[in-house]
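Remarks on the structure that follows.
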Amino acid sequence: MHVCPVLGMSSEPRAISELRTRTRFEPAAVEPALIRAWLESGLFHPEPEGEASENYSIAIPPPNITGALHMGHALNGAIQDTLIRYHRMLGRRTKWIFGTDHASIATQRQVERELESLGTSREELGREAFIERVWSWRERYGATIVEQYKRLGASCDYRDERFTLDPDYADAVLGVFVELHERGYLHRDHYMVNWDPGSGSAISDLEVEEREETDTLYSIAYPLADGSGELVVATVRPETMLADSAVAVNPADERYAELVGAEAVLPLVGRRLPVIADDYVKPDFGSGALKVTPGHDPNDFEIGRRHGLPEYSVIGEDGRMTAEAGEAFAGLTVAEARTAVVAALEQEGALRGREPYTHAVPYSHRSGARIEPLISLQWFMRMDELAGPAIECVLDDRVRFHPGRWKQVYLDWMGAIRPWCVSRQLWWGHRLPVYYCDACEETYVARVRPERCGACDGPLRQDEDVLDTWFSSALWPFATLGWPEPTAALRAFYPTDALVTAREIIFLWVARMIMMGLQFTGEVPFADVYVHAVIQAPDGRRMSKSLGTGIDPLEEIERRGADAVRFGMLAMSSTQDVRYNVEKIEQGERLANKLFNAARFVLLGIGEHPGPAAPIPTAVEDRWILSRLERFELELAQRIESYDFPRVALALYDFVYGELCDWYIELVKSRIEEPELRATLRFVLRETLQVAHPVMPFVTEELWQYVREPDEGLLAGVARAPREGSAIDADAEAALERVIGATQAVRRWRNEVGVAPGVTVAARLEADGYAELRPLLARIARLDLREDGGDGVTSVAIPGGALAILEGVDLAAHEQRRERERARLAAEIERLRAKLANDAFVANAPPAVVAAEREKLARLEAELDAL
RNA sequence: GGGCGCGUAGCUCAGUGGGAGAGCGCUCGCUUCACACGCGAGAGGUCGCUGGUUCGAAACCAGCCGUGCCCACCA
């Protein structure tokens, strides 16, 4: 028989008596069972019904199968789950689309490393066996990250898990490739790419990072062919001179005007190089003459194409010099070749100088290897036409960025978008659906492999390359829902509502999803893009395993609870980068415990057979807490909907600590026998748990099992009823503001003059506005309030007047204290009087501001008088 | 070179036109019958610098200093 780990066998709420001995919330002991209960409930798996406009959905940024949960995931997940649970509890059909990414290059490298440690390699295994091995690697490790998301409490639809290499998903990817090819966006070309020798593949511009480095800048003399002199060029990469095909000067440079059209001779090689004129050349850099190497420099490549220069390739994809580099250099590594070329130039007397030179050097973000720009045969995607609609939809706010400043960043990049190299020389991934006939050089792009060549009936060979990972993730929001089939899921959950991410993948992923979404579904893939903080290490460096600055969120979850980590993440999150500080997690841990104990007080006070849970206010503090509760609910909703998560966390903390526990519970402790109060307390507790649940699902779910009705299930599945009427009560709020202010004044006085907190003090109220509040104030401030009592020993300023203290001990201390208080009030009054005496202020400031200042002055004057 | 941020209490950060805030840390007090992961009280700040706008600036503008990130084709 199956028993729900949380709800148990019966539908009765759990016995309140259990709580007697549980004086602390112990997350590690209860969270696993709560996770099981949620997963088994099916609450996270909505049936695909209705339209996307009435439902709520978010597609998770799919974690890599290689990954383990890091702080970035924890933050990203905490935010999304807050949104998801909030909307689910609003009663909307809510789906958090979940899955993992095959992460072509990252995964392949991981498995390659494993093979290396076993003394073998992917080449030795062969393509088929290697891919099989990656699949089995995925079987073994791919679930880790999924379990970790569950541990965080992320309420994803795990029953509908996707993988970017699932058969259906792969079909969608190949279909898109074929379609884009038919529409003329894809073509194959010899073109300059960023070659990553570390992974043996081309990578995209976005995967290149620049690092400042100091190299040597060599000056080399190229003699003119007619023997009339020489041109001196400068380079940090002398080895590439072997592939030079021209020398360029600026057309406006008078020094060289005569030489344009002449020829120079390439040292070591002897090749004749035309001297050409191109605007790219900066006359004031070095000698003003530039060696042009179209095969190994992106700028020179452009110049070369402009002038129709030959393209020599002297560096191969293996990072070694090719045969084209000449016998003396072929087979050397780039570094060896550099030394050899410099030596040879020196010997020839062509070296004119060397100096240290600091410049930006491209490195692979993937492998860390230095990028080798070279010409390679790749598939490229033309982006300019796709960008148009993707720019439109952001301009007209169909897609909104939060915070808004990212809009311009996105638009700037989109406006200058460049072709995207989509082929990768890897094995793990979506293999290009491109087939070549070697016999007649025909090319076929087709979803299903053609049998034979249609032209010559020859055999076909499939392209060896796979697609850039981001090509398949660009389809994520709709390919996960069954696209291109018109599924019910697609109708119900696409377009999605929000995309939550850090800024680093705005271009890599967000922009491409928007382009592909518009191109293939005709709709934007999401309405809101929330760009959250990047969490740095406590010392401000990047959090990374390799730097040793990483902090494992799972350890923190085990130690302090998932609620604590989630709360901490939200509290830390920001629209700018923030340093990780464990104090925020600890704050969350304390908040969970506080909530737990507040609930204990309420429930143990009420006892085993509770009455109704309904607001039945009989005292001003009841009306006050109901009013504050409603404001808190409204604020939390507003903060969540405007993606202001730090203040979601703060508002929750302030309400629970500041209003519910410090004041309301303390105020009503002596009334716990009243049935009306019990009803109100149960109501307030249930509401608080519901509102807090999206942020701290575990402790709230645990407590819910003690306050729910028999016919209610999990808190995660509660659909909150819309409020009827409003409990906001300005009078009650003003009244409690006085009581709280007076209580704090009395406590301050006690502290200053040494009257113990437990001692009841005889006093007389000399202030207005306390008529109904006398018993309440007496209780909470421990006063024995009397009508008379003669002259007071001293007095304490309280809102609206003063409190005469009728018995005391140390007269001198009292008088000193009272003097200080008078001085404080007098100074404040002086400041206000001066302000109000300023005609410019009275004339120019808004009337409401002036009135408020006058009112305040009157109040302070009354307080000073009463003293 | 261009762009976007940030500089507020010892630390981490809110505040963005009318009384300088939170959490942690610190000091003092409290075996108050939910919680010592607790309760109460308190100390602590030329709001980076300079100038401007305004009756009024931490907030708006300009410049400067410091710091972080993104983009970019100077060998």
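Throughout, protein chains are lettered first and strands after them, A, B, ... in sequence-line order, and every chain is numbered starting at 1. Just so it is clear, the values below take in all heavy atoms, side chains as well, and ignore hydrogens, waters and symmetry mates.
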Has A:Glu18 got more than 12 heavy atoms of other residues, nucleotides or ligands less than 6.0 Å from its CD? yes
Give one of base, sugar-phosphate or nothing for A:Val409, where a contact means two heavy atoms less than 4.0 Å apart. nothing
Rounding to an integer number of angstrom, what distance separates B:G63 and B:U53 when you compare their C1' atoms? 15 Å
Mind checking A:Asp654 for me? I need base, sugar-phosphate or nothing, with any heavy atom below 4.0 Å counting as a touch. nothing
All N/O donor-acceptor pairs, side-chain side in residues 559-566 of chain A, below 3.5 Å, sequence neighbours left out:
{"residue": "A:Arg559", "atom": "NH1", "partner": "A:Glu556", "partner atom": "OE1", "Å": "2.8"}
{"residue": "A:Arg560", "atom": "NE", "partner": "A:Glu556", "partner atom": "OE1", "Å": "3.4"}
{"residue": "A:Asp563", "atom": "OD1", "partner": "A:Phe698", "partner atom": "N", "Å": "3.0"}
{"residue": "A:Asp563", "atom": "OD2", "partner": "A:Phe698", "partner atom": "N", "Å": "3.4"}
{"residue": "A:Asp563", "atom": "OD2", "partner": "A:Val699", "partner atom": "N", "Å": "2.7"}
{"residue": "A:Arg566", "atom": "NE", "partner": "A:Val695", "partner atom": "O", "Å": "3.1"}
{"residue": "A:Arg566", "atom": "NH1", "partner": "A:Asp81", "partner atom": "OD2", "Å": "2.8"}
{"residue": "A:Arg566", "atom": "NH1", "partner": "A:Leu152", "partner atom": "O", "Å": "3.2"}
{"residue": "A:Arg566", "atom": "NH2", "partner": "A:Asp81", "partner atom": "OD2", "Å": "2.8"}
{"residue": "A:Arg566", "atom": "NH2", "partner": "A:Pro694", "partner atom": "O", "Å": "2.9"}

Expressed as a whole number of Å, how far does the C1' atom of B:G25 sit from that of B:G45? 16 Å
5'-most by nearest nucleotide on RNA chain B - A:Asp412 or A:Thr743: A:Asp412
Report which part of the nucleic acid A:Pro646 touches: base, sugar-phosphate, or nothing (heavy-atom distance under 4.0 Å, all strands). nothing
For B:C64, give its Watson-Crick or G-U wobble partner with both distances under 3.5 Å, or none. B:G48
Heavy atoms only, 4.0 Å cut-off, all strands: where does A:Asn838 land among base, sugar-phosphate and nothing? sugar-phosphate
Applying a 3.5 Å limit to both distances, which nucleotide forms a Watson-Crick or G-U wobble pair with B:A72? none
Please classify the nucleic acid contact of A:Thr293 as base, sugar-phosphate, or nothing, using heavy-atom distances under 4.0 Å. nothing
Hey, does A:Arg750 reach any base, or is it just sugar-phosphate, or nothing, if we go heavy atoms under 4.0 Å? nothing
Return whichever of A:Pro538 or A:Leu860 has its heavy-atom-nearest nucleotide of RNA chain B closer to the 5' end. A:Pro538
Quantified in whole Å, what is the P atom distance between nucleotide B:C61 and nucleotide B:C4? 12 Å
Would you mind classifying the nucleic acid contact of A:Glu666 as base, sugar-phosphate or nothing, using non-hydrogen atoms under 4.0 angstrom? base
Contact class for A:Val582 (heavy atom, under 4.0 Å): base, sugar-phosphate, or nothing? nothing
Residues within residues 20-31 of chain A bordering RNA chain B, heavy-atom distance below 4.0 Å: A:Thr23, A:Arg24
Assess the residue pair A:Thr760 and A:Asp784 against the criterion (side-chain hydrogen bond (donor to acceptor under 3.5 Å, both in side chains)); give the C-alpha distance rounded to whole Å, side-chain angles, the decisive distance to 0.1 Å, and a yes or no. CA-CA 6 Å; A:Thr760 299; A:Asp784 171 17; over 6 Å; no
Distance, C1' atom - from B:A20 to B:G15, rounded to whole angstrom: 9 Å
Answer yes when A:Glu702 and A:Arg14 have at least one side-chain N-carboxylate O distance shorter than 4.0 Å, and no when they do not. yes
A:Gln408 and A:Asp412: side chain donor to acceptor below 3.5 Å: yes
Heavy-atom closest pair (A:Tyr410 atom, A:Phe507 atom, distance to 0.1 Å) is CA-CE2, 4.3 Å
Nucleotide opposite B:C24 in a Watson-Crick or G-U pair, distances under 3.5 Å: B:G10
Contact summary for A:Pro294 and A:Ala243, nearest pair of heavy atoms: CD-O, 4.2 Å
Mind checking if A:Ile665 touches a base, just sugar-phosphate, or nothing, with heavy atoms under 4.0 Å? base
Geometric cation-pi criterion A:Lys835 and A:Phe841, 6.0 Å radius, 45° cone: yes
From the 5' end of RNA chain B to its 3' end, which nucleotides mark the outer limits of contact with chain A, defined by a 4.0 Å heavy-atom distance cut-off (strictly under)? B:C4 to B:A75
Using the C1' atoms only, state how far B:U54 lies from B:G40, rounded to an integer number of Å. 43 Å
Give me the distance, rounded to whole Å, that separates B:G48 from B:C11 when you measure between the P atoms they each carry. 14 Å
Need one value for A:Tyr218: base, sugar-phosphate or nothing, where a base atom within 4.0 Å counts as base even if backbone is also close, heavy atoms only. nothing
Quantified in whole Å, what is the P atom distance between nucleotide B:C49 and nucleotide B:U8? 10 Å
Taking 4.0 angstrom as the limit, do A:Glu635 and A:Arg647 come out as a salt bridge? no
N-O pairing of A:Glu372 and A:Arg237 below 4.0 Å: yes
For atom P, what is the distance between B:A58 and B:U50, given to the nearest Å? 12 Å
List the steps, then state whether salt bridge (Lys or Arg N to Asp or Glu O under 4.0 Å) holds for A:Glu752 with A:Arg748. CA-CA 6 Å; A:Glu752 284 172 3; A:Arg748 205 176 308 124; 5.6 Å; no
Which part of the nucleic acid, if any, lies within reach of A:Lys291 when heavy atoms closer than 4.0 Å are counted: base, sugar-phosphate only, or nothing? nothing
Complementary nucleotide for B:C33 - Watson-Crick or wobble, under 3.5 Å: none
